[in-house]
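For reference, the structure is listed below as structure tokens.
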Number of protein chains: 2
Amino acid sequence: MKIKAGGASVSLLDVAREAGVSRATASLVLRDSPLVAAATREKVREAMMRLGYIYNRGAANLRQKRTGTIGLVLSNIANPFFSALTAGVEQANDLSGSVCFIANSGESPERQARQIQRLREHNVDGLIVCPAIGSDNRLFEEIDRLGLPFVQVLREIPDTTRDYVTVDYAAGIDAALSHLRASGRKRVVYIGDMDVHSAARARLSGYERACAHLNLTPMPAIAGTRDSQYDEAAFDRLLDSTSPPDSAICYNDIIALAVMTHLRRRGLEAGRDFSVIGMDDIPAAGAAYPTLTTIATMPTRIGFAAARLLEKRIARPTRRVEQEVIAPEFVLRHSA
Amino acid sequence: MKIKAGGASVSLLDVAREAGVSRATASLVLRDSPLVAAATREKVREAMMRLGYIYNRGAANLRQKRTGTIGLVLSNIANPFFSALTAGVEQANDLSGSVCFIANSGESPERQARQIQRLREHNVDGLIVCPAIGSDNRLFEEIDRLGLPFVQVLREIPDTTRDYVTVDYAAGIDAALSHLRASGRKRVVYIGDMDVHSAARARLSGYERACAHLNLTPMPAIAGTRDSQYDEAAFDRLLDSTSPPDSAICYNDIIALAVMTHLRRRGLEAGRDFSVIGMDDIPAAGAAYPTLTTIATMPTRIGFAAARLLEKRIARPTRRVEQEVIAPEFVLRHSA
DNA sequence: CTGTTAGCGCTTTCAA
DNA sequence: TTGAAAGCGCTAACAG
């Protein structure tokens, strides 16, 4: 048994020599080709073991179109919602045998462009992106001009039609408002209005349509910010007005939890005196007191679906564009 | 302006031809070599722009030792703690210009081995691993036999000395117990004892040593499981005993939150009737009611440190092994 | 300062 | 069923 000196890696040629065959034959063994005789295959396999051979995909990629890598570009990895999404992508990848680069744009379009560029240099087979707030179309247009398979998640860039995974927010909000109405609430306010991306707009318009449809009078929405704060003063004014709300549906769980805390400061108990419903079902929602009723937006499932969609696109680049819509689940707990 | 047909990517040779120079010169421009004349550089740069050239690192990597990629193998990406850690790694990588593969072992040593194998095939420059429970030494021995730079985080494999980032749990627990004693608690129980990995053992022994050192009588620990459950029946028996505990320090925040919920069921209010302290400071801790006092284990900082350590190891493979210990922070809220 | 040449480790015709 | 030869896109060593 000979081992190459200096940690230099053993190549297919080494294996071939060791097994007494040509490089081409060894290559066929590598890829389980039926063309090679069982005995030869065995010899080669043994040589690989003996030398501790590691397949060099980098080299193989030079000759093939696919690299078996994809890129996942998120607007904020630290957010538990996105980590669940990542887990979903990872799960699908583990099944398909590809491996995933992760990148964090931190809501910066510049950083996002840099990351995507870097991923392209690494020859990823495709990209899953949750676009940073303020992303412009040009980058994405370039991506599909180049024919790089690409799936958008959650947020849609305007004037764009491509593979896309999103959540049927309207359905979730409809379920939530139905529940509120059934439990006697009549004045539901929406907290966390912001016009930053399609998901935020979809949530608000889901509320508006549900109100119309359930015969509830919509109230003016309370503004929110992209870092999950909301206009507490405006909320206070509304609570002190002559016709205060009796319940709230919030842009996300983080805002909902803040609202509950604020209500407590005002001596109101969420669930009894005022109903609060969040969105996303982050781990903190189940741990809060009272536990937060919320609309679960199924991040793991979103990630899994996006990875599958990307795989399909990579396999057939010209297939028609597909939009997958994940059904949310209404999670009834104690805050509403 | 000519564009290659069929989405075939433009190579450095195309650029060189377009600019009227040789491939080698173009390559130098690519890497900002001072050897090339300003005018030539400009010509080449323009040609790159014109053709929409994308640097192919895969090809470059065939000639160089480094690929500018690292692998991050975690035991559970969906856990918010690890997503914060990932964000830290990403941050360091963004600075150093490398890019990060992410893999999830899901606490399965087999899956972990498969993922690491896959990453090696992609020629990663190094690996950051939080070993799955039950990992055996062989895989890791092989990794450093091959001289693949490698940093362990949080959990230590027995009989091993290599680059390692961990948290000074003992110091955090000491601060927590000091606080409990100062606020009049005398009987502190440890909840979540499990002998699964070094971090779990370090947390329990931190409790034992702090008790000794602060003159508190240690109580028999309540058992926990790796999926963050604990032996509630045993806890009940202890509460009903003749000498019940007046406070608890828990293996992690998840267990601590469950303990608070259980106390409430028994009519006890955390913070007033019984003190509860968690560990890690996950987002849910701040959102709980009462808000959870905890020992923040700084996951982002851990990830950042690990990435830096790995970078140093990659740069100088023979440097002496380094262990970095992150200082935790005691976060005083309302549960204790 | 720029060009020539020789590979990196693999896959892929094509021929034997 | 196996082998020889060419080449993927780049960098490194050397010569000019």
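Proteins come first, then strands; the chains are lettered A, B, ... in the order of their sequence lines, and each starts at number 1.
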A/Ala37 near the nucleic acid: base, sugar-phosphate alone, or nothing, with a heavy-atom cut-off under 4.0 Å?
sugar-phosphate
Nearest-angstrom distance from the residue atom CG of B/Asn61 to P of C/dC10:
14 Å
Can you tell me if CZ on B/Arg319 sees more than 12 non-hydrogen neighbours from other groups inside 6.0 Å?
yes
Angle class for the A/Phe101/A/His122 ring planes (parallel below 30°, perpendicular above 60°, tilted otherwise)?
tilted
Tested for salt bridge (Lys or Arg N to Asp or Glu O under 4.0 Å) against A/Asp125, the lone hit among A/Lys65, A/Arg66, A/Arg120 is A/Arg66
Between P of D/dG9 and CG of B/Leu51, the distance in whole Å:
14 Å
With respect to the phosphate group of D/dC10, does any side-chain polar atom (N or O) of B/Arg57 fall under 4.0 Å of OP1 or OP2?
no
Given D/dT11, C/dG9, D/dT1, the nucleotide with the shortest approach to the side chain of A/Ala59:
C/dG9
I need the CZ-P distance between B/Arg66 and C/dC8, as an integer number of Å.
22 Å
Separation between CG (A/Leu154) and OG (A/Ser75), nearest 0.5 Å, reads 8.0 Å
Whether B/Ser11 contacts D/dG9 is assessed here as follows: a side-chain N or O lying under 4.0 Å from the phosphate OP1 or OP2. Is that the case?
no
Whole-Å distance between D/dG7 C1' and A/Leu12 CG?
16 Å
Has A/Arg23 got a side-chain N or O lying under 4.0 Å from the OP1 or OP2 atom of D/dA4?
no
In whole angstroms, the gap separating C1' of C/dC8 from CG of A/Asn56 amounts to 9 Å
Taking everything shown except B/Arg301 itself, do over 12 heavy atoms lie less than 6.0 Å from its CZ?
no
For A/Leu13 and C/dC10, give me the distance from atom CG to atom P, rounded to whole Å.
9 Å
Closest to the 5' end of DNA chain C, once A/Leu62 and B/Val36 are matched to their nearest nucleotides, is B/Val36
B/Asn123 has an atom CG; how far is it from atom C1' of C/dC8, in whole Å?
11 Å
Side chain of A/Tyr53 only, heavy atoms from C-beta on: which candidate in D/dG3, D/dC10, C/dC10 is closest?
C/dC10
Please tell me if B/Ser27 has a side-chain N or O lying less than 4.0 Å from either OP1 or OP2 of D/dT11.
yes
Does A/Thr25 put a side-chain nitrogen or oxygen below 4.0 Å from OP1 or OP2 of D/dG3?
yes
Reckon B/Ala60 touches a base, only the sugar-phosphate, or nothing at all at heavy-atom distances under 4.0 Å?
sugar-phosphate
Counting only side-chain N and O atoms of B/Arg63, is one of them less than 4.0 Å from OP1 or OP2 of C/dG9?
no
What nucleotide among D/dG3, C/dC10, D/dT11 has an atom nearest to a side-chain atom of B/Arg31?
D/dT11
Indicate whether OP1 or OP2 belonging to C/dC1 is found under 4.0 Å from a side-chain N or O atom of B/Thr40.
no
Checking B/Thr166 against B/Glu156: is there a side-chain donor and acceptor pair closer than 3.5 Å?
no
Starting from P on C/dC1, measure out to CG on B/Leu28 and report it in whole angstrom.
12 Å
